[in-house]
Amino acid sequence: SVGMSSQRLARIDAMAKSAIEDGDVPGLVAIVARKGKIVYHKAYGVADVASGRALKKDDIFRIASQTKAITATAVMMLWEEAHFRLDDPISKYIPEFKNPQILDSYSIADGTYKTIPAKREITIRHLLTHSSGIGYGFADGDDRMKLIFKKAGIIDGWTTEPVVLADNIKKLASLPLHFHPGDQYKYSEGLDVLGYLIEIISGMTFAEFLETRLFRPLGMKDTYFYLPESKTDRMVTVHQPKDGKWVKYTGIPEYYDADYPIKGAKTHFGGGGGLSSTAKDYATFLQMYINGGELKGTRFLSRKT
């Protein structure tokens with residue numbers, strides 16, 4: 001009905017079965033949509049190797065940095081409502097970012113460092129485009145920045161500790177940058193900063209904003225920072241390869257616990273990587289983009305945006 005070949009789609013079956021049999025992945029969910037209609041949606045393998053629980057189509061995955069696209073969407077919704085300009089300095093809304101500094105030298109011996117003043121302020125546009133100069137802690141390619149973030153206690157993505165977004169971002173604002181804002185590209189924690197901006201502008205927690213303005217209107221019923229108790233049994237286990245087998249991954253002790261969405265304080269809403277979702281929910285979000293910012297009669301963004 002939408003011009004897709006059933007025989008061609010069936011080739012996905014062979015690919016998926018081969019991936020499971022060859023041990024490339026413990027399990028996978030595949031979804032294909034065309035012209036707003038789902039034409040392929042299947043699950044293969046297991047959600048948890050230890051128990052052998054079969055993976056289901058509606059099982060929930062940690063979507064990590066796919067969170068960033070959702071955060072950026074929320075930012076642009078507020079921009080369309082004229083709450084700010086993209087070239088506004090972020091310090092206009094989060095004063096702690098005033099007068100940013102660039103890392104000049106670093107002492108491995110005692111962890112101290114020297115800085116030079118940045119040529120310009122960080123703007124909202126810089127944060128959206130990873131050109132702010134902000135680093136990314138454990139994911140940073142510069143060991144000096146990794147150590148600076150760790151010493152400052154920055155949450156780089158998710159946590160089971162009782163941390164709130166505002167406190168984390170204010171600490172981040174005091175740290176040095178890689179380069180002058182706007183001069184280069186570097187994947188960064190800028191989308192976490194924008195999550196806090198959304199809290200300031202909207203007067204809600206970032207989680208509440210996404211639920212009321214995006215997830216509920218889009219019909220994304222299984223996308224959360226922290227799952228309700230009734231859905232924790234649908235969470236897919238994070239695995240890692242070990243001695244030719246898939247085993248449960250526990251995280252990096254000094255940075256995060258891999259069970260973060262279903263245990264711990266559940267207070268931190270990270271715009272850079274904190275969400276969990278299903279294949280169908282994320283496909284729904286993407287369908288809104290394919291439609292030019294609209295889904296089922298509700299417009300979220302203008303076509304131009």
Side-chain angles (χ1 to χ4, degrees), residues 25-29 43 45-68 70-71 136-139 146 149-150 152-172 189 191-192 195-196 198-199 204-212 214-216 220-242 245-282:
V25 288
L28 66 89
V29 176
V46 296
D48 179 68
V49 169
S51 67
R53 180 172 78 81
L55 188 62
K56 297 178 181 177
K57 292 190 297 184
D58 67 346
D59 274 345
I60 299 170
F61 292 81
R62 299 153 181 82
I63 66 170
S65 283
Q66 285 174 263
T67 301
K68 289 181 172 67
I70 291 174
T71 302
Y136 217 146
F138 79 94
K146 284 182 181 179
F149 271 51
K150 185 177 179 181
I154 300 297
I155 304 303
D156 304 306
W158 40 83
T159 181
T160 52
E161 298 301 313
V163 177
V164 296
L165 185 59
D167 292 344
N168 191 55
I169 298 307
K170 288 175 182 178
K171 281 196 294 185
L172 179 67
E189 205 162 331
L191 275 296
D192 289 84
Y196 179 41
I198 289 166
E199 292 192 338
M204 307 183 217
T205 67
F206 186 38
E208 289 169 339
F209 182 89
L210 292 180
E211 177 63 24
T212 57
L214 264 178
F215 301 156
R216 205 178 301 155
M220 295 170 65
K221 299 177 181 178
D222 292 316
T223 303
Y224 306 92
F225 281 105
Y226 302 102
L227 279 60
E229 191 66 33
S230 61
K231 297 187 179 184
T232 56
D233 62 342
R234 290 165 53 195
M235 195 83 208
V236 177
T237 300
V238 182
H239 295 94
Q240 66 176 341
K242 187 175 182 181
K245 296 181 180 179
W246 288 102
V247 298
K248 183 177 178 179
Y249 178 65
T250 56
I252 304 173
E254 65 268 35
Y255 287 114
Y256 66 86
D257 185 317
D259 287 332
Y260 73 91
I262 55 177
K263 63 187 263 191
K266 303 181 181 181
T267 57
H268 183 260
F269 309 119
L275 288 171
S276 294
S277 188
T278 62
K280 186 175 185 294
D281 265 16
Y282 209 80

Between Thr278 and Asp58: side-chain donor-acceptor atoms closer than 3.5 Å
no

Is there a donor-acceptor pair under 3.5 Å between the side chain of Asp59 and the backbone N or O of Lys56?
yes

Run the side chain to side chain contact (heavy atoms under 4.5 Å, CB included) check on Ile60 and Lys231 step by step: do they pass?
CA-CA 9 Å; Ile60 299 170; Lys231 297 187 179 184; 4.3 Å; yes

Would you tell me whether Lys266 and Tyr260 have side-chain atoms, one donor and one acceptor, within less than 3.5 Å of each other?
no

State which residue, out of Phe215, Phe61, Tyr226, fulfils the side chain to side chain contact (heavy atoms under 4.5 Å, CB included) condition with Leu275.
Phe215

Can you tell if the side chain of Trp246 reaches within under 4.5 Å of the side chain of Pro26, non-hydrogen atoms only?
yes

Test item: Leu55 and Val29 side chains (from C-beta on) under 4.5 Å apart, heavy atoms
yes

Do Asp233 and Arg53 sit within salt-bridge range, that is, some charged N less than 4.0 Å from a carboxylate O?
no

Do Thr232 and Lys263 have side chains that approach each other closer than 4.5 Å (heavy atoms only, starting at C-beta)?
no

Any non-hydrogen side-chain atom of Thr67 less than 4.5 Å from a side-chain atom of Trp158?
no

Got a second to check how far Asp281's CG is from Ile70's CD1, nearest 0.5 Å?
8.5 Å

Given the rule in the salt bridge (charged side-chain N to carboxylate O under 4.0 Å, His left out) test, do Asp222 and Arg234 qualify, once you have shown the distances and angles that lead to the verdict?
CA-CA 10 Å; Asp222 292 316; Arg234 290 165 53 195; 2.9 Å; yes

Is the closest side-chain heavy-atom distance between Asp156 and Glu189 below 4.5 Å?
yes

Can you confirm whether Lys146 is buried at NZ, in the sense that more than 12 heavy atoms of other residues, nucleotides or ligands lie under 6.0 Å from that atom?
yes

CG/Asn168 to OH/Tyr196 distance, rounded to the nearest 0.5 angstrom?
11.0 Å

When rounded to the nearest 0.5 angstrom, what distance separates CG in Leu165 from NZ in Lys170?
10.5 Å

Go through it in stages, so that I can follow the logic: the residues are Glu199 and Phe269, the test is side chain to side chain contact (heavy atoms under 4.5 Å, CB included), and I'd like the CA-CA distance, side-chain angles, deciding distance and then a yes or no.
CA-CA 10 Å; Glu199 292 192 338; Phe269 309 119; 4.1 Å; yes

Got a second to check how far Arg62's CZ is from Ser277's OG, nearest 0.5 Å?
13.0 Å

Nearest 0.5 Å please: distance from the CG atom of Leu172 over to the CD1 atom of Ile154.
5.0 Å

Would you say Met235 and Leu227 make side-chain contact, with heavy atoms under 4.5 Å?
yes

Do Ile155 and Phe149 come close enough that some side-chain heavy atom pair is under 4.5 Å?
no

How about Lys68 and Ser65: does a side-chain donor come under 3.5 Å of a side-chain acceptor?
yes

So do the side chains of His268 and Val164 get within less than 4.5 Å of each other, counting heavy atoms only?
no

Rounded to the nearest 0.5 angstrom, the OG1-CZ distance for Thr267 and Phe225 is 12.0 Å

